[in-house]
Amino acid sequence: MTDSTKALRYAVIGAGMAGLLAAIKLKERGENFTVFEKAAKLGGTWRENRYPGLTCDVPAHAYTYSFEPYAEWQSYYATGGEIQTYFEYVSSKYDLLPSIRFNSEVVGAVFDDASQTWTLTLGNGERIEVDVVIAASGVLHHPKTPDIPGLDTFAGPAFHTARWDDAAPIDGARVGLIGCGSTGIQIVTAINKRVKNLVHFQRSPQWVMPVPQFAYTDEDRAAFRKDPALIDAIRYNEEYIGAIKRFTDGVTDIEGEAMHQIEEVCRQHLEDSIRDPVLREKLRPNYRAACKRLIYSWCYYEEVQHPAVFVETGRIERIEPNGVRMQDGTFHELDTLILATGFHADRFIRPTTVLGAGGVSLDTVWERRPTAYYAVTIPGFPNFFMLNGPTGPVGNFSLIDIAERQWTYIDQLIARLRSGEARGVVPTQAAFDDYETRRIAAAKKTIFGSGCTSWYLDDEGVPATWPWSYDDFDKAMSRPVMEDYALIA
């Protein structure tokens with residue numbers, strides 16, 4: 001702090017990837033902050049999820065903070081356990097643990113118009129007053145349980161993948177797996193040779209993009225430690241960065257060359273990989289590639305052809321104590337039932353009760369759909385900033401990169417508070433309305449709106465994602481348009 005800088009009190013909600021980023025940046029400035037984490041340890045989604053086969057679909061060296069490369073990755077794509085270790089390493093290196101309050105869920109946040117401050121209420125009833133709230137609570141952390149009749153009658157272990165049951169029979173067992181997003185696909189590749197048989201229930205199959213996977217040797221890691229430039233050569237590889245940009249170009253120009261190339265690669269991968277024509281057609285989606293989140297895998301098509309795996313594409317009638325009954329009468333007898341059925345992607349900071357200026361409720365503001373101005377700020381909620389908030393980029397590239405760019409944007413807004421120029425900063429309703437009108441119109445024209453069901457879509461079928469290019473997002477986050485913000489004296 002300097003004599004010309006106002007001391008602010010910050011609350012960071014969540015000690016996952018984005019919350020740790022905020023903590024590091026605030027600590028570098030010497031700010032007064034506390035991270036409030038509902039669980040007993042840090043890590044966010046990498047703490048919650050530990051199912052067999054868990055792997056990030058962003059190359060390991062690209063899934064690190066830009067300022068903190070990591071030489072210890074075991075493979076090109078890292079496992080969830082390795083990523084958890086990385087965040088624990090970063091937390092230790094930057095001495096963040098003294099600033100994190102674990103087992104401290106924020107259940108309420110109320111803004112006071114007179115003092116321009118926020119009062120947080122913790123689960124134990126404690127109240128804390130702060131000037132700035134950074135909501136880094138993540139997107140995929142409220143498990144979605146399918147509404148299937150009889151689910152609660154199943155006699156064996158039945159659990160969501162984010163609540164993995166280590167005691168559940170897998171080895172030599174009859175296992176059912178409901179869901180074929182990235183999680184379901186990864187579990188198939190991890191347990192197909194362990195089970196007696198595995199029934200993979202797929203409501204709709206997925207397009208799969210083939211990617212390489214290879215191990216780093218001890219010699220590779222030694223070289224990375226000695227020369228970090230070797231890491232930069234991987235994470236800033238022109239081919240990788242180009243692929244990201246081509247993907248976002250394809251998403252936003254669905255009849256362009258980039259999207260047609262993506263579709264052809266996925267189609268040819270299916271044709272070349274699945275030998276059985278019946279299984280091939282079971283695995284052929286009836287929608288365009290990338291309409292749902294694209295699956296990146298180096299081995300799924302090979303592993304799903306293992307004799308122990310049966311792909312079931314029929315409709316489930318009900319769950320019975322000993323298995324799953326299909327609408328056509330088929331019965332699959334099971335010992336263990338795994339639910340790879342995703343998350344409530346529209347929750348964000350909720351169920352925390354958030355009341356902004358004039359007592360307006362975030363639940364009311366988000367009654368139609370969760371949204372935020374450029375995915376970061378919300379009209380009526382001064383000094384409240386989101387990392388990886390609604391309408392942000394959610395694709396097959398690094399959310400760390402997205403969060404870092406968002407922090408650049410947020411920090412420039414906080415600078416107006418830090419300098420004493422204003423006590424509050426909030427986007428105007430007019431600016432937000434213009435943004436949302438443009439975003440919805442563009443989102444409907446993206447590949448995500450081309451005709452499929454996915455967790456990208458809100459209740460009205462509008463894709464809840466960034467609908468423009470990667471470069472557009474980079475430009476938007478580089479500098480806030482201050483004319484779109486109200487500064488509260």
Just by distance, with hydrogens left out, do Thr64 and Arg235 show a side-chain donor and acceptor under 3.5 Å apart?
yes
- [ ] If the plane angle is over 60° it's perpendicular, under 30° parallel, otherwise tilted; pick one for Phe384 and Trp118.
- [x] tilted
query: Would you say the side chain of Leu177 lies within less than 4.5 Å of the side chain of Val188, judging by non-hydrogen atoms?
result: yes
Considering residues, nucleotides and ligands other than Lys445, do more than 12 of their heavy atoms fall under 6.0 Å from its NZ? no
His61 and Ile231, any side-chain heavy atoms less than 4.5 Å apart: yes
task: Would you check if the side chain of Glu68 reaches a backbone N or O of Val90 as a donor-acceptor pair within less than 3.5 Å?
output: no
Check your understanding: Under a 4.5 Å cut-off applied to non-hydrogen side-chain atoms, are Leu339 and Phe159 in contact?
Key -> no
Less than 4.5 Å apart, any side-chain heavy atom of Trp46 and any of Met17?
no
Could you tell me whether a side-chain N or O of Asn192 sits under 3.5 Å from a main-chain N or O of Glu303, the two making a donor and an acceptor? yes
Worksheet item: So, Asp276 and Lys282, do they make that salt bridge, N to O below 4.0 Å?
Response: no
Original post:
Can you tell if the side chain of Tyr65 reaches within under 4.5 Å of the side chain of Phe87, non-hydrogen atoms only?
Top reply: yes
### Message
Working note: Asp471 + Lys475, criterion salt bridge (Lys or Arg N to Asp or Glu O under 4.0 Å); need CA distance, chi angles, decisive distance, verdict.
### Response
CA-CA 6 Å; Asp471 289 338; Lys475 181 179 178 181; over 6 Å; no
_Strictly distance-based, threshold 3.5 Å: is any side-chain N or O of Tyr86 a donor or acceptor partner for the main-chain N or O of Trp73?_
no
Note to self: Below 30° counts as parallel, above 60° as perpendicular, anything between as tilted: where do the rings of Tyr300 and His200 land?
What the structure shows: perpendicular
**Asked** Between Gln206 (side chain) and Val208 (backbone), is there a donor-acceptor pair under 3.5 Å?
**Response** no
Student check: side-chain heavy atoms of Glu255 and His260 closer than 4.5 Å
yes
Under 3.5 Å: donor-acceptor pair, side chain of Asn197, backbone of Arg174
no
Aromatic centroids of His160 and Tyr51 separated by under 6.0 Å: no
Within the structure provided, determine whether Arg350 and Phe348 are in side-chain contact (heavy-atom separation under 4.5 Å).
no
Across all chains, not counting sequence neighbours, the salt bridge (Lys or Arg N to Asp or Glu O under 4.0 Å) partners of Glu88 are Lys41
Margin query: Angle between ring planes, Phe310 versus His332, binned at 30° and 60°: parallel, tilted or perpendicular?
Written below: tilted
Discussion item. Please determine whether the number of non-hydrogen atoms from other residues, nucleotides or ligands lying under 6.0 Å from atom NZ of Lys196 exceeds 12.
Written reply: no
- Message: Keeping Thr446 on the side-chain end and Pro467 on the backbone end, is there a donor-acceptor pair under 3.5 Å?
- Response: no
Thr336 side chain to Pro169 backbone, donor-acceptor under 3.5 Å: yes
Legend entry - Note, Tyr216 side chain near Tyr76 side chain (heavy atom, < 4.5 Å): yes
d(Leu151 CG, Ile178 CD1) to nearest 0.5 Å is 7.0 Å
Taking the side chain from Trp207 and the backbone from Tyr287, do they hold a donor-acceptor pair closer than 3.5 Å?
-> yes
Identify whether the distance between the nearest side-chain nitrogen and carboxylate oxygen of Asp346 and Arg369 falls below 4.0 Å. no
- Task: Examine distances only and state if a side-chain atom of Glu302 and a backbone atom of Cys299 form a donor-acceptor pair shorter than 3.5 Å.
- Result: no
OG1 of Thr341 to CG of Asp147, rounded to nearest 0.5 Å, is 11.5 Å
- So, Phe432 versus Tyr373, ring centres under 6.0 angstrom or not? no
Salt bridge or not for Glu37 and Arg47, using N-O below 4.0 Å?
yes
Residues 321-330 vs side-chain hydrogen bond (donor to acceptor under 3.5 Å, both in side chains), sequence neighbours excluded, gives Glu320-Arg325, Asp328-Thr330
By side chain to side chain donor-acceptor pair (under 3.5 Å), Tyr77 pairs with (sequence neighbours left out) none
* To do: Before accepting this row, confirm whether a basic side-chain N of the pair Asp434/Arg438 lies closer than 4.0 Å to the acidic partner's carboxylate O.
  => yes
### Message
Do the side chains of Asp249 and Lys245 get close enough for a salt bridge, i.e. N-O under 4.0 angstrom?
### Response
no
